[in-house]
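All chains are named by letter (A, B, ...) in the order of the sequence lines, taking the proteins before the strands, and each is independently numbered beginning at 1. The shown structure was predicted, so the numbers you read here are calculated from the model rather than taken from an experiment.
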Protein chains: 2
Amino acid sequence: MNYKDAKDKFIQTWGSLGTLWGINKAMAQIHALLLISPEPLSMEDIMGELHISRGNTSMNLRQLIDWGIVFKTSVVGERKEFFSSEKDIQELAKQIARERSRREIQPTLKVLKEVSSIEDDGTDKTKEFIKQTKSLHELAETADSIMNRVVNQEANWITKTFIKLLK
Amino acid sequence: MNYKDAKDKFIQTWGSLGTLWGINKAMAQIHALLLISPEPLSMEDIMGELHISRGNTSMNLRQLIDWGIVFKTSVVGERKEFFSSEKDIQELAKQIARERSRREIQPTLKVLKEVSSIEDDGTDKTKEFIKQTKSLHELAETADSIMNRVVNQEANWITKTFIKLLK
DNA sequence: TTAAACTTTCAAAAATTATTGAAAATTTAT
DNA sequence: ATAAATTTTCAATAATTTTTGAAAGTTTAA
């Protein structure tokens, strides 16, 4: 496989993966493109490479910036803005974990805590409800904790230790 | 909050979370409903509780069964089929991790491995491409491994060790 | 200032995904 | 075997999400 094919395949795959995970295709593809580009890209560049409209590009770039994984970059002698992504994959994972936790897991934990705190009136259905929502709360908390720990500091050391222990 | 409100809130929350993660609302809600129900439910029951059509219920139940987290159950003296979900939350997490790995992570790993194996022609863009896709491959492998290990047997031991190490 | 370069916004259109409901298929009881 | 009960399928429709493109807004150079 040559560079061009590999690149297209990567961008395409990243795009469908995104879709599967509730991230829209354009956003995932822009991110993929910036991730493998050694130079920052302009909006024109992105529009051209991915064949998407100016508006689409602008909106999705904004979202990526909101997520903290793409940055505006200025290029000397150029008037327009350029964009580049976080290149350190560990840092990227960290940032994504941080945002998903903040946006999704924390609110879910809050609801689970709330609903699992209803008064136990002794009926089967209430007992089951409390039991299951409490278990989910516990699981979500553990998962969140592990995710953050793994992805945060010492990730490397931990990963190695872990894999050694478990292989 | 009373049982009814807590139940509605839980089902509603699970539904939107599902959407966020690329699972459709009906599927997530059916799952939520079965998860907290102490008794298996019939299709009629589910349709009634969630106000969704027969076809919708049937299709989404099938998907949940495909995922291995909902089972057909027979109830003595009843002609129609009943459904119940995996109630053990650990087991549920295990099953979901297993399926996501099989359906999403493995195929992605395959593509990453493939595209990161292009020949290095010495140009910046090729070098960057190989570097980044290799890093992603490594990250995905690690994440997959950790997820599976954590969620599989010894989850408890590992969690404790881990949290102790990192606190 | 002005005007060209560039970016953002947003209503409309297109594309995608989810849902319905009724016909077809299947299962079960007699 | 028959028919009633139940489930599945799937074309049509509805709902949602994404994308476009042009107008409005902003920034910069001169």
With a cut-off of 6.0 Å (strictly less than), are more than 12 heavy atoms of other residues, nucleotides or ligands near [atom1] of [X]?
X	atom1	value
A:E141	CD	yes
A:Q106	CD	yes
B:E78	CD	yes

Any donor and acceptor pair, going by atom type alone, linking the side chain of [X] with main-chain N or O of [Y] inside 3.5 Å?
X	Y	answer
B:Q132	A:K87	yes
B:T57	B:S53	yes
B:S117	B:K113	yes
A:T108	A:E104	yes
B:S37	B:P40	no

- Task: State, to the nearest 10°, the angle formed by the axis through the first five base pairs of the helix from C:dT1-D:dA30 to C:dT30-D:dA1 and the axis through its last five.
- Result: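 If I round to tens, the end axes sit 20° apart.
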- Message: Is the shortest side-chain heavy-atom distance between B:V111 and A:F10 below 4.5 Å?
- Response: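 No; the side chains remain at least 4.5 Å from each other.
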- Query: Quick one: does A:N24's side chain get under 4.5 Å of A:T19's, heavy atoms only?
  - Reply: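 No, every pair of side-chain atoms sits at 4.5 Å or beyond.
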Give the rounded distance in Å between these two atoms: [atom1] of [X] and [atom2] of [N].
X	N	atom1	atom2	answer
B:E78	C:dT27	CD	C1'	15 Å
B:L20	D:dT16	CG	P	16 Å
B:E44	D:dT8	CD	P	13 Å
A:M43	C:dT8	CE	C1'	8 Å
A:F82	C:dA5	CZ	P	15 Å
A:L61	C:dC6	CG	P	16 Å
A:Q63	C:dT9	CD	P	12 Å

- With B for base contact, S for sugar-phosphate-only contact and - for none (protein heavy atoms under 4.0 Å), nucleotides 25-30 of chain D reads --BBS-
- What string of B, S and - do you get for nucleotides 14-23 of chain C, 5' to 3', when a contact is any protein heavy atom under 4.0 Å? ----SSBB--
- Sub-6.0 Å ring centroid separation between B:F129 and A:Y3: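 For B:F129 and A:Y3, the ring centres are under 6.0 Å apart.
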- Message: Check this one for me: any side-chain N or O of A:K72 less than 4.0 Å away from OP1 or OP2 of C:dT8?
- Response: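 So the side chain of A:K72 is within the cut-off, an N or O lying under 4.0 Å from OP1 or OP2 of C:dT8.
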